[in-house]
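Letters A, B, ... mirror the listed sequences (proteins, then strands); counts begin at 1.
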Protein chains: 2
Amino acid sequence: MASLSSWVSSERVTIYDVAKAARVSTATASKALNDSGRMAQETRDRIKRVALELGFRPNSLARSLTRKRSFTVGLLTNDTYGRFTLPVMAGISEGLIDHGVSVFLCAVEDNSDLAKTHVEAMLDKQVDGIIATGKRIDKPLPVDLSGLPVPVVYALTAGPSDGVTLLPDDRQGAAEAVRHLIAQGRRRIAHITGPSDFKVVHERALACAEMLSAATRAKDMGTLFGSWSERWSHQAIETLWSASEKPDGIFCGNDQIARGVVDALRERGVSVPRDVSIVGFDNWEIVAKETRPPLTTVDMNLKELGRQAGLALVRLVNGEAVEKGVWKLPCSLIVRSS
Amino acid sequence: MASLSSWVSSERVTIYDVAKAARVSTATASKALNDSGRMAQETRDRIKRVALELGFRPNSLARSLTRKRSFTVGLLTNDTYGRFTLPVMAGISEGLIDHGVSVFLCAVEDNSDLAKTHVEAMLDKQVDGIIATGKRIDKPLPVDLSGLPVPVVYALTAGPSDGVTLLPDDRQGAAEAVRHLIAQGRRRIAHITGPSDFKVVHERALACAEMLSAATRAKDMGTLFGSWSERWSHQAIETLWSASEKPDGIFCGNDQIARGVVDALRERGVSVPRDVSIVGFDNWEIVAKETRPPLTTVDMNLKELGRQAGLALVRLVNGEAVEKGVWKLPCSLIVRSS
DNA sequence: AATTACTGAGAAACCGTTTTCTCATTGCAT
DNA sequence: ATGCAATGAGAAAACGGTTTCTCAGTAATT
């Protein structure tokens, strides 16, 4: 438990205090502490030592005012419930603190006016840039962020084609999943997934189909679109198991479906993974780890995605070149027992 | 879709520009725009009009520097995965934006050094106050926030006894749940809940027992402690249904358990809600709404809790009196079909 | 007519840093 | 000795606002 009790003392130490104590001007003090300007190394060291002794911490506000750089960015999200956004946000926060950058959190639901209010507040507070994040990669936030005086990065939400957008590589993740099933010796592979109006559903289904058509040894038993629910899993298994030829490997659109599939198979006396191998998607630990057997699944590395989004924004703020368009970040296969 | 394209134009308008355009000094301009100082109403109106025409937006940094008030607070969380924190954070963000206050998001996991870094960064940025939030009401954040030069409020995490802490009223929520079961005409009520080392488990179990011992018509069939899993639900139902006298109402420690209970009962041919009524806890919509029948459950109003936390902090910052100790915010019973 | 009270507005200081000049001093080569 | 470049440090002007104080002018009172 870190103690921060040094701040108990009353008034903040300013650079004037440091300068006075070190018997130099504030100009010299500032330069010494920022390793800029020219002065005797001895002077620089002395000033730094004094600053340390006095517990000097520069006032960010004052610094930002002159530097015209606030080391602050805004994070706009329309997700106040889901479980995908939190890791992304955490990744952003963690990735940026290393650069001394703080993050303004703005939760806007789908309220366009609220979003506008937040953006204005952020701009008033002189953010260096903005990150937009959401819950679906095929829906934009309820506010147009183009034409702002600061750069914008989109993470896990739809952005404009000329912007920088970071998304998980659903196709690669799905491909890994199917490859794993094949590597496990599975030959008849089906895909049970969610509603067809989700973009991720298509991406994953497409990659699954491609992978299977390229595979010489394995056969594609088809894709079943439904909903993100265990109920749907039961229906889907009902359908698949009423056919004569049954799959021995199932790739599921998410962990919830996978969980339902495992349960449905158990009810039928089909053993997982002996008779059928299952791979989920999301690595939603509360589901994946609790399933018996624990689910093999695909992790979207959302925290890393957030971190990358933060770093990309910092690069943009610094005027460095950043490739426009959609960046697909790799997913990882988490092998458990299913 | 709100358009913010007005910012496309190059340079920001400062109060100097407004003053010049209105042919007054910056002092007068400032006073006019802040409705402070003394001047002819006509002058005030004219300056405001000019400011509006020019699209003047005061630079928050500059303002904060003199006012010694940044209209910014820090939000510290150790939750980067769970589903409880996000609504709390959203509530905080939404509650504070109305006061012109922005929120710094700091995700610290259980890393004490990282937490300290974040706190220092926030203090450097002159936050007016800090909100600590987490995933469990019985675990504190990995950093000591007492003795800071700014006020602190704790929401959904353990705080010091002399601080301000906001928590859901688990007891009241549990009592509502049991009251509902009794009102439904249930007479033999059991409680199936999670691990006994969670404080919320005890709170809810205690309230449940109290409610039942006070009820003349209903009988307490006991509490079963287990884990937060559907697996445990099946076990618990196995246990309860192996006794001669079976419950006709079950209050579950969370929705996941409730979901498992509904499923386990269905497998036994017991109808919900005809034979047995079920009430869950959390109103975890993805589970509660998907269950067949949809779960009646207790909502902790986490967003409102976040909002209240934000408002409490603002009051502290303003030097207004705020009652120390733990504030329990009411839960709401969400009646669905179970 | 002289004094007093009030009104409206501006000058200047300030918040805490950074940064651009300026300048005295020193060391070195001519 | 003289000129010149390099060095070390400070004065002052930003940054964009707010606030205190001053003061000229007008209105009201004696």
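- B:S60 and A:Q126 form no side-chain donor-acceptor contact under 3.5 Å, judged by distance and modelled atom types alone.
- Rounded to an integer number of Å, the gap from A:K125 NZ to D:dG17 C1' is 15 Å.
- A side-chain donor from one of B:S146 and B:D144 sits under 3.5 Å from a side-chain acceptor of the other.
- For the pair B:M39 CE and D:dC21 P, the computed distance is 18 Å after rounding to whole Å.
- Contact annotation for B:S64: no contact, since no heavy-atom pair falls under 4.0 Å across all strands.
- D:dG16 atom P lies 9 Å from atom CG of B:D17, rounded to whole Å.
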Using a 4.0 Å heavy-atom cut-off to protein, can you give one letter per nucleotide of nucleotides 14-20 of chain C, 5' to 3': B if the base is in contact, S if only the sugar-phosphate is, - if neither? -BBBBBB
Can I get a per-line list of side-chain donor-acceptor pairs under 3.5 Å for residues 311-320 of chain A, giving both atom names and the distance, sequence neighbours left out?
| unit_1 | atom_1 | unit_2 | atom_2 | d |
| --- | --- | --- | --- | --- |
| A:N318 | OD1 | A:R69 | NH2 | 2.5 |
| A:N318 | ND2 | A:V314 | O | 3.4 |

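- What separates CZ of B:R38 from P of D:dT18 is a distance of 19 Å, to the nearest Å.
- In the model, B:T77 has no side-chain atom that pairs as donor or acceptor with a side-chain atom of B:D79 under 3.5 Å.
- Using a 4.5 Å heavy-atom threshold, the side chains of A:V164 and A:Y154 count as separate.
- Atom-to-atom, CZ of A:F71 to P of D:dC15 comes out at 19 Å; the value is rounded to the nearest Å.
- Using a 4.5 Å cut-off on side-chain heavy atoms (C-beta onward), A:S64 and B:L61 make contact.
- Rounded to a whole Å, the CD1 atom of B:I47 is 8 Å from the P atom of C:dG10.
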